[in-house]
Amino acid sequence: MVANNLDSYFESFINRKSVFIDKHYLQSSYTPDTILHRDEQIKAIANILAPLLKLERPSNLFVYGKTGTGKTVTVRYTTAQVHNVAEKHSRPVKICYLNCKLKKIADTEYRLIAELSRMFGKAIPPTGLPTDEVYNIFFKALNSKEQVVVLVLDEIDQLIKKAGDEILYNLTRINEHLEKAQVAIIGISNDLMFVDNIDPRIKSSLSEEELVFPPYNAIQIQEILNSRKEKAFRKGAIAPGVIEKCAAYAAREHGDARRALDLLRVAGEIADRLGSNRVNIEHIDEAEKKIEGDRIIEIVASYPKQFQVVLYSIFLLKKSHQDPLYTGEIYEVYKQLCKKLAVSPLTQRRISDILAELDMLGLINAKVISKGRYGRTREISLSIPVNTLPKVKEILESSLHI
DNA sequence: GTCAATTCACATGAAAGAGACCACGGTCTAGTG
DNA sequence: CTAGACCGTGGTCTCTTTCATGTGAATTGACGA
């Protein structure tokens, strides 16, 4: 009897079809051939980049917009098109795309310039050289022949936040030192306020042109999902209402198309795993939970020990009472925990920063409040969904050997 | 009761140190012809 | 003679510490009605 069941299980496993045809159409790395609802922006970027083809320097461009509004895709698409045309007419045009958020690659001045130099075929060691040496190498590489170079700096706000705005100053003034080559910069930022915090001189030269990407609305997201659905899923693998629900979820999160695509993909994976031959609305809810849970688990597992100790201290405190926690309390528990674990405790100053970072990561909710006479502090609560809580705790305990 | 001064418990900033990692050039050492 | 091992120096980067300054409302206490 049992054997029979197993048999039929395997039979059905073989016969079971995946809801997907090709998943990669749903991944954020995929650049579609046509970009929906961004005609205006494409036209604007094309206009700005057009002088490239006459070997004139295009204006620097600054692109803003929240995450998942298609900034990166649109810029990459347009620059690729320009590059194609330039190549056809053998114009020396080079596009350098760099994502400044990638850790260990382009998140400091040195690394950025080093990475750019590498794109010109120069080998730069990951460390050990003075920064101006690397600048020199970069200059020489640029100036080696007549060409127009477009530097696309994605998530440029992250870079500035970490490394200061001196880089931009140097880059925007780079043309003054170059005789043969010319450089234009396209900066892409998620942070709309970011430009207000940089040096006005840099601001004026960097954002000769500006372009804002408004969020997609739910209907536009639906259309985007529908256009990808055709290629990614088998016919009829999506139950009615699923696309709408996905779009609604994403529209709630400031029109984030990337999120909608992720959601759809994960929902498909869940449907596959459950042996369903159709993606249903319940799968979307599951996917929503899974995405959030996975993100949190990954963060918790990959962050340094001290972060984990702090987080575990919050766990301990949370168990004992339900009121919001304060920095001082957490620090006391943290110190004891350190003693128990034979970890050397950090200062309260540092813990304050760590708490702020945990807040940024969305693991905790920290709000600076003033309790009047009783001082100023952070009011802290965990913001990890209840269903991932045990898993997170497990990870912490195994990683800290508790 | 009203109002400004006080006060608390941290937040927030700036600067500097420690330690890891790395390149480069000079010196030493062992193997080779 | 030469390739490779082994320093010392000088550079970046991350994580911390130290020192200094900032902050917002409950509390306090003087003042006037």
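Numbers restart at 1 for each chain; the letters A, B, ... are given by sequence-line order, proteins then strands. The figures that follow rest on heavy atoms only: side chains count, while hydrogens, waters and symmetry mates do not. Everything quoted here is computed from the prediction, not taken from an experiment.
- In terms of phosphate contacts, Tyr110(A) brings no side-chain nitrogen or oxygen within less than 4.0 Å of OP1 or OP2 of dG11(C).
- Val150(A) is not listed as a side-chain neighbour of Val82(A), based on a closest heavy-atom distance of 4.5 Å or more.
- Between Leu355(A) atom CG and dT12(B) atom C1' there is a gap of 14 Å when expressed in whole angstrom units.
- Atom CD1 of Ile354(A) and atom C1' of dC10(B) are 16 Å apart (whole Å).
- At least one side-chain nitrogen or oxygen of Thr347(A) sits closer than 4.0 Å to the OP1 or OP2 atom of dT17(C).
- OP1 or OP2 of dC13(C) sits under 4.0 Å from a side-chain N or O of Thr108(A).
- Whole-Å rounding puts the Glu329(A) CD to dC10(B) C1' distance at 13 Å.
- The environment of CD in Gln27(A) is crowded: more than 12 heavy-atom neighbours from other residues, nucleotides or ligands sit within 6.0 Å.
- Proximity note for Arg111(A) (side chain, C-beta onward) versus dT16(C), dC10(B), dT14(C): the nearest is dT14(C).
- The NZ-C1' distance, from Lys371(A) to dC10(B), rounds to 10 Å in whole Å.
- At a cut-off of 3.5 angstrom, the base of dG24(C) holds no donor-acceptor pair with the side chain of Arg373(A).
- Here dT12(C) presents its P atom at 13 Å from CD1 of Ile137(A), a figure rounded to the nearest Å.
- Rounded to whole Å, the distance from CD on Gln306(A) to P on dT16(C) is 6 Å.
- At most 12 heavy atoms of other shown residues, nucleotides or ligands fall within 6.0 angstrom of atom NZ in Lys66(A).
- In this structure, Ile113(A) atom CD1 and dT12(C) atom P are separated by 13 Å, rounded to whole Å.
- At least one side-chain heavy atom of Glu179(A) sits less than 4.5 Å from a side-chain heavy atom of Asn143(A).
- Here dT17(C) presents its P atom at 12 Å from NZ of Lys335(A), a figure rounded to the nearest Å.
- Taking side-chain N and O atoms only, Ser352(A) has a distance below 4.0 Å to OP1 or OP2 of dA11(B).
- OP1 and OP2 of dT18(C) both lie 4.0 Å or more from every side-chain N or O belonging to Arg349(A).
- Counting atom types as modelled, Arg350(A) pairs no side-chain N or O with a base atom of dT16(C) as donor and acceptor under 3.5 Å.
- Donor-acceptor pairing under 3.5 Å is recorded for the side chains of Thr67(A) and His254(A).
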